[in-house]
Visitor: 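Let me give you the structure first, and then I'll get to my questions.
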Amino acid sequence: MNMKKIPPLTIDHERLLRGIYVSRRDVTPAGDILTTFDIRMTEPNRMEALTPQALHAMEHLAATFLRNHPQWSPRIVYWGPMGCCTGNYLIVQGEVEPDEIVDLIKETMEFVAGFEGDIPGASPRDCGNYSFMDLEAARRAARVYCDEVIEGIGEENLNYPA
Ligand SMILES: [Zn+2]
């Protein structure tokens, strides 16, 4: 079977920095536009990736935060980890640009970085692998992303390398 490379596998990962990128836009048969964001937390193959356990804890926290957000919750479709463990995907309803969600991502990561207590949904009833989580690593990664990427974010962190 001759399969096409799909976006975002066509971007140059060797020059990709940490940031907030539009991975793709899709139009549903009903006409809704969906924007998939690449919330890239480590430089591919040049920095240590996150662990699946850290991303899993982050997934529970970020998804819960976003679905409860006073402005954005109705437009949040999905948050989840990338298989390569260098970031997350966020799918939002509408044609949204990265600079429009910088504050939202900052709020989300600050929430993760400062989270204490029981992770929402971390129970055998609510999750398929509930003990497979590393809250400390999720908190550290969110802190680093806020301090090193979101603060002082530039065009090179909002647009894929040409
Ligand atoms: Zn889970």
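Note that ligands are numbered from 1 as they come in the structure, with each ligand's atoms numbered from 1 the same way.
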Visitor: Under 2.8 Å from the Zn ion (ligand 1), how many protein N/O/S atoms can be counted?
Guide: 3
Visitor: May I ask you to decide if the ring planes of Y21 and Y160 are parallel, tilted or perpendicular, using 30° and 60° as cut-offs?
Guide: parallel
Visitor: May I ask you to test the R40-M82 pair for a side-chain heavy-atom distance under 4.5 Å?
Guide: yes
Visitor: Should R15 and D12 count as an ion pair when the cut-off is N to O under 4.0 Å?
Guide: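 So R15 pairs with D12 through a salt bridge.
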Visitor: Quick one: side chain to side chain donor-acceptor pair (under 3.5 Å) pairs with a partner in residues 121-133, sequence neighbours left out?
Guide: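 Passing the test, one end in residues 121-133: S123-D126.
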Visitor: Just wondering, do L66 and W72 contact through their side chains at under 4.5 Å, heavy atoms?
Guide: no
Visitor: Give a yes or no on whether a salt bridge exists between R140 and E48, defined as a side-chain N under 4.0 angstrom from a carboxylate O.
Guide: no
